Amino acid sequence: MLGLSIIIVNYNTTSLLSNCLDSIYSYTYSFPLEIIVVDNGSCDNAQQLISQKYASVQWRQLVQNLGFADRKSTRLNSSHVALSRMPSSA
């Protein structure tokens, strides 16, 4: 079955990230979905929040801010459609 992979690039935006995920889950509850957050070396508590509130979200921690375009650490299944987002664009 075709699913959707959503990659969210995060950098010190815990509140926006939480709002973004709430929005995604409110509209995709019956759709095969994979959410990957790629964190660009944030120094806030985003990873802790995500692991507690959104257990199914995959977290990729980078050691430095590589920006939005560089997502070398994420791998997508070829049967998926990918959508990349910034937390502020929810």
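The figures that follow rest on heavy atoms only: side chains count, while hydrogens, waters and symmetry mates do not. In this text, all values refer to a predicted model and were calculated from it rather than measured experimentally. Quick note: residue numbers are just sequence positions, from 1.
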Quiz prompt | Sidechain-backbone polar pair: S51 side chain, Q47 backbone, donor-acceptor under 3.5 Å | solution =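 Yes, S51 side chain to Q47 backbone: donor-acceptor pair under 3.5 Å.
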Non-hydrogen side-chain atoms of [X] and [Y] separated by less than 4.5 Å:
X   : Y   : answer
I35 : Q58 : no
C20 : Y25 : no
N10 : V38 : no
L21 : I8  : yes

For [range], which residue pairs pass the salt bridge (charged side-chain N to carboxylate O under 4.0 Å, His left out) check, not counting sequence neighbours?
range          : result
residues 6-21  : none
residues 3-21  : none
residues 12-21 : none

Set of residues satisfying side chain to side chain donor-acceptor pair (under 3.5 Å) with respect to [X], sequence neighbours excluded:
X   : result
Q61 : D39, W59
D44 : T14
S26 : none

Exercise. With sequence neighbours excluded, tell me which residues meet side chain to side chain contact (heavy atoms under 4.5 Å, CB included) with Q52.
Key: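 With neighbours one apart ignored, the set is Q48.
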Practice problem: Could I get the full list of side chain to side chain contact (heavy atoms under 4.5 Å, CB included) partners for D22, not counting sequence neighbours? | Solution: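 In terms of side chain to side chain contact (heavy atoms under 4.5 Å, CB included), with neighbours along the sequence ignored, D22 is linked to S18, K53, Y54.
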